[in-house]
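The structure under discussion appears below in the form of structure tokens.
Ligands are counted one by one from 1 in listed order, and the atoms in each one are counted from 1 as well.
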Amino acid sequence: MKDSPISSTVDFEKDGVQHGFLKLPHSHDDSAWGSIVIPITVAKNGQGPTILFTGANHGDEYEGPIALFDLASQIKAEDISGRVIIVPGMNYPAFQAGKRTSPIDGGNMNRVFPGDPEGTFTEKIADYFNRTLLPLADFVLDFHSGGKTLDFLPFCCAHVLEDKEQQAKCIAAMKAFNAPHSVMLLEIDAVNMYDTAAENMGKVFISTELAGGGTSSAYTVGIAKKGIRNILRHAGITKGEMEVNETLNLDMPDERCYVFSETTGLVEHCVDLGDKVKKGQLVAKVHNIERTGTEPVEYFAGIDGIYTGRHFPGHVVNGDFLGIVAVPV
Ligand SMILES: [Zn+2]
């Protein structure tokens, strides 16, 4: 396979703190010999584990980038043993535009792994993570939130993996992050995800969904910052007491957890995030906005549990995700 077109201005083997860029040539109308420049910080102190932090895998999810820019501005080499790699804006063109996907090529970073050094810009960035950054890491924390179209109870998540020893390490890392909710997340389609690429390499991988709506709050940013402090201690990179609050453990045993719309219209949520719901309970109605006098279409929970995620904007179309019911364990 071809070399990556991305070059780094930081040396991943050098001790100390370096702030630099991943540079990807991008020739366009405003700059014929221009570049996409993705900010990166590497902090290293001797031998030890490596953690790779990423935010803005989707460009409209903000807790991760905020907490990671903050971490990058404050990290000191003398406070760590091992290495911390921080990329607050993974899909940087999407992040700059405040969009889920790249405005240059439409690429959804979390659907293009393992990427391609000769592909689209998004695929080239994914390939760099897949072949250069992921192999350096022992622990990988990829921050997500709901973005403009989803909203969640704030949670840290791990996946069911074939390798049960690796799965146990991911669950331990999820518990160390200590979000208010800890979810064994069943993905709708895990193919081509960054998560899957990291897990297939045997990495200890965790992710988050910290609320959503295309914004952030003091509460959710606080969860992200505390999670970073805890995971650094858990990995043995920093010292200090774990900050532990109560977490509700949730499981998603199968696709009954998901509610999807089969109609287009105006959504009326009949339960709120955090509500207990019973199998068969009405969770949402979709109103036909083309005419008056028609009954809304009703949608029901497929399983007993806690309403953990939902569609955010007021309108839905056929096929849209309406909500998630996760099961307390
Ligand atoms: Zn996301």
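Using a 4.0 Å cut-off between charged side-chain N and carboxylate O, Glu61 and Arg100 make a salt bridge.
Using cut-offs of 30° and 60° for the angle between ring planes, the Phe321 and Phe260 rings count as perpendicular.
Per residue His58, closest N, O or S atom to the Zn ion (ligand 1): atom name ND1. No other N/O/S atom of His144 lies as close to the Zn ion (ligand 1) as ND1 does.
Side chain of Thr208 to backbone of Phe143: no donor-acceptor contact under 3.5 angstrom is found. Not one N or O on the side chain of Asn108 forms a donor-acceptor pair closer than 3.5 Å with the backbone of Thr101.
Between the Zn ion (ligand 1) and Glu61 there is an N/O/S contact shorter than 2.8 Å.
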